[in-house]
J.: 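What follows is a structure written as structure tokens; I'll ask about it next.
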Amino acid sequence: MIVMKFGGTSVADCAAITRTIGIVESKLQQRPIVVVSALSKVTDLLYKISDKAREKDNEGAADLLRQLRERHLNLAAELIPDNAEILADACARVNRLCDNLEYFVNAVCALGELSDRSKAVIIGNGEYLSSSIICCAMNARGIRTRLMDSRKMIITDNNFLKGEPQTEEIVKNVSREVAEAYTQDMDAVITQGFVSATAEGEPTVLGRGGSDYTASLIGMSVDAEVIEIWTDVDGVKTADPRKVENTLSLDRISFEEAAEMAHFGAKVLHPMTIEPAVKKNIPIYVLNSMNPSGKGTAILQSSFIEDGVKSVSSKSNILVINIFSTKMINVAGFLMHVFEIFSRNNVSVDLISTSEATISVTVDAGSQNIEKVVEELSTFAEVVVDSNKAQVSVIGKNLDNVNGLLEKTFAPLKDYKIYMISQGSSYINISFVVDRESLDNIVSLIHRNIFG
Ligand code: ADP
Ligand code: ASP
Ligand code: MG
């Protein structure tokens, strides 16, 4: 079996979905489990709908809900032009999902209170809409396909907007659901990325970009031959092609390099995608649905990968938290006290640097509970949060073997300020902090100096 995940741009409209179905059709021999995202921009629209509901803006919500319904009904009509019965089924599914959502949004509007649980219900609808339509379109094309419900498979804790997957439950559920759905008379099965549920059946989601994670959790559960992540670029590149000119596509990188890149800002993969695949040593291919014959990037075990720099990644959505305390000087256990506060509040720290009386850390600006962390730290230290910085990471295998890398990285930056340099002891990344306004220039300069 193989898992094939198609992101938002790969299912954006009739032309993209037709291409996507063609790609799946070419791999039926390998028994695909297809995982789809919401149509491009639909999850953003659902976030806006949830905002309107919280603001009790009935009319605003109704207007956006109308757009949502229309876009999907029009798409169904375009995709399934010559099978009236299947088209009617697709439209009925869209209408049922949209009716339920409308009912739910009205209830939230009436209350004017949006819990994380309610938000998870609303934002998960994009994947149900896309998977229902695509399943119908595949059947209309003669590919016998059955729709599976991710919420019966991907079980998480009750962190509704960024659920933590419960691996044992997931393996059990995915195996059962796939065995039930993938009968001999089926050519393919399809399910939703991103959405999940607690063991009690309460809806959750895996966090933005979470469909990649769904694909690798399913791949791990069925011991897939490969996990394919189909997106809108020719594989993993040496930097974000939207921000840097002349990026190169990478033929192959290691699981560790990919995880590091995703964690340090390369949006092409959700940061947790690699972990489940590594457990079963399943190769991941990142491929371009707009250029299906391209090689893409293979993400493999480290022994197949050569040493050297693979990418310059960056993260602009960070906060630097500076913690000053004279009490820190010569007091054993101070660091433990500080990090215990981060850990208890579930805020994960990216970079750390310390001096005699200061600890500086970077955290993802989207982390929950940052205010609580700052409040607790402030009871015994002076805390300053800096939101004007960004983080750059040069990532690759055995960077200690790369001659002159520090010079190549920092020489072009003589006119810029650099803060908090850190080189992990595993030599897989060199990271540092810069002023956010200089970020794009800096990444381009380093990229040019390293990759030409
Ligand atoms: P999808 O909707 O298919 O999940 P995403 O938008 O989440 O697609 O991810 C693909 C995008 O990731 C690309 O269009 C590209 O702009 C961005 N990206 C960031 N860093 C990289 C990188 N190192 N290599 C490739 N793409 C990257
Ligand atoms: N649709 C979700 C999002 O936009 C998940 C995904 O695309 O991976 O975040
Ligand atoms: Mg994505």
Side-chain angles (χ1 to χ4, degrees), residues 4-12 16-17 19-20 23 35-48 50 68 119-120 122-131 150 154 161-163 191-196 204-217 228-251 253 257-273 284-291 294 296-297 299 309-317 366 392-396 440 443 447 451:
M4 306 177 79
K5 177 262 171 177
F6 294 89
T9 42
S10 304
V11 296
I17 293 175
R19 238 180 350 248
T20 286
I23 295 169
V35 176
V36 290
S37 292
L39 312 188
S40 171
K41 304 281 183 312
V42 161
T43 309
D44 293 337
L45 181 68
L46 291 164
Y47 270 85
K48 281 192 205 127
S50 71
L68 181 80
K119 192 165 177 168
I122 295 173
I123 62 181
N125 273 280
E127 273 69 12
Y128 282 103
L129 285 162
S130 62
S131 58
S150 263
I154 308 295
L161 299 178
K162 207 172 179 206
T191 193
Q192 308 78 30
F194 181 55
V195 300
S196 44
T204 62
V205 294
L206 297 178
R208 290 312 302 260
S211 297
D212 302 329
Y213 198 9
T214 307
S216 80
L217 287 164
E228 295 182 347
I229 306 289
W230 289 87
T231 183
D232 59 355
V233 281
D234 282 319
V236 180
K237 304 196 134 208
T238 47
D240 184 347
R242 280 186 214 170
K243 297 195 182 129
V244 177
E245 283 178 10
N246 301 325
T247 54
L248 310 169
S249 292
L250 296 158
D251 284 348
I253 55 177
E257 287 171 324
E260 205 78 359
M261 287 169 69
H263 185 74
F264 284 100
K267 192 197 160 208
V268 63
L269 289 173
H270 180 280
M272 295 304 294
T273 311
I284 299 178
Y285 283 83
V286 178
L287 298 152
N288 187 352
S289 67
M290 254 82 81
N291 175 24
T297 301
I299 305 175
V309 181
K310 305 294 162 41
S311 105
V312 185
S313 299
S314 66
K315 224 169 147 174
S316 58
N317 192 28
V392 180
S393 304
V394 175
I395 294 164
D440 288 351
V443 172
H447 186 271
F451 296 103

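In each ligand, atom 1 is the first atom listed, and ligand 1 is the first ligand listed.
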J.: Identify, for atom 5 (P) of ligand 1, the protein heavy atom at the shortest distance, and state residue, atom and that distance.
T.: Lys267 NZ, 3.9 Å
J.: Output the set of protein residues with a heavy-atom contact under 4.0 Å to ligand 2, ordered first by chain identifier and then by residue number.
T.: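 Within the 4.0 Å shell of ligand 2, which is judged on heavy atoms, sit Ser37, Thr43, Glu127, Phe194, Arg208, Gly209, Gly210, Ser211.
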J.: From the options Asn246, Leu248, Val244, select the one residue that forms a side chain to side chain contact (heavy atoms under 4.5 Å, CB included) with Thr238.
T.: Leu248
J.: May I ask you to test the Val312-Phe451 pair for a side-chain heavy-atom distance under 4.5 Å?
T.: yes
J.: Under 3.5 Å, side chain of Ser131 to main-chain N/O of Thr191, donor-acceptor pair present?
T.: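 Side chain of Ser131 to backbone of Thr191, a donor-acceptor pair under 3.5 Å: no, none is there.
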J.: Distance to 0.1 Å, residue and atom name: give those for the protein heavy atom nearest to atom 26 (N) of ligand 1.
T.: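 Nearest protein contact, heavy atoms only, for atom 26 (N) of ligand 1 is Val268 CB, 3.5 Å.
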J.: Applying a 4.0 Å heavy-atom criterion (strictly less than), which segment of Ser211 is in contact with ligand 1: side chain, backbone, both, or neither?
T.: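 None of Ser211 does.
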J.: Locate the shortest heavy-atom distance separating Gln192 from Val195; write the atom from each residue and the value.
T.: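 Scanning both residues completely, I find the closest heavy atoms to be CB-CG2, 3.7 Å.
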J.: Closest non-hydrogen protein atom to atom 24 (N) of ligand 1, residue and atom name please, with distance?
T.: Lys237 N, 2.8 Å
J.: What residue and atom, counting heavy atoms only, is the protein's closest point to atom 3 (O) of ligand 1, and at what distance?
T.: Thr231 OG1, 2.8 Å
J.: Quick one: does ligand 1 sit under 4.0 Å from the side chain of Val233, the backbone, both or neither, non-hydrogen atoms only?
T.: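 The side chain, only.
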J.: Before you tell me yes or no, could you show the steps for Thr214 and Glu127 under side chain to side chain contact (heavy atoms under 4.5 Å, CB included), namely the whole-Å CA-CA distance, both residues' side-chain angles and the distance that decides it to 0.1 Å?
T.: CA-CA 12 Å; Thr214 307; Glu127 273 69 12; over 6 Å; no
J.: Which one holds for Lys5 and ligand 1: side chain close, backbone close, both close, or neither close, with close meaning a heavy atom under 4.0 Å?
T.: side chain
J.: Would Ser40 and Thr9 satisfy side chain to side chain donor-acceptor pair (under 3.5 Å), going step by step from the backbone distance to the final call?
T.: CA-CA 5 Å; Ser40 171; Thr9 42; over 6 Å; no
J.: Considering non-hydrogen atoms of the protein only, which is the closest contact for atom 13 (C) of ligand 1, and what is the distance?
T.: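 That would be Asp232 OD1, 3.5 Å.
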J.: Should Thr238 be counted as touching ligand 1, given the test is an N or O pair under 3.5 Å?
T.: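 Such a contact does not occur with ligand 1.
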J.: For ligand 1, find out whether one of its N or O atoms is nearer than 3.5 Å to an N or O atom of Gly8.
T.: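 There is such a contact, yes.
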J.: Under the rule for salt bridge (charged side-chain N to carboxylate O under 4.0 Å, His left out), what residues qualify as partners of Glu260, not counting sequence neighbours?
T.: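 For Glu260 there are no salt bridge (charged side-chain N to carboxylate O under 4.0 Å, His left out) partners, ignoring immediate neighbours.
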J.: Below 4.0 angstrom from a heavy atom of Val236, which ligand 1 atoms are there? Numbered from 1 as shown, please.
T.: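 It comes down to these atoms of ligand 1: 24 (N).
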J.: Okay, side chain of Ser289, backbone of Trp230: is any donor-acceptor separation there less than 3.5 Å?
T.: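 A pair under 3.5 Å: no.
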J.: Judging by distance only, is a nitrogen or oxygen of Asp212 under 3.5 angstrom from one on ligand 1?
T.: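 It does not: no N or O of Asp212 is found under 3.5 Å from an N or O of ligand 1.
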J.: Which protein heavy atom lies closest to atom 18 (N) of ligand 1, and at what distance to 0.1 Å?
T.: Asp240 OD1, 3.6 Å
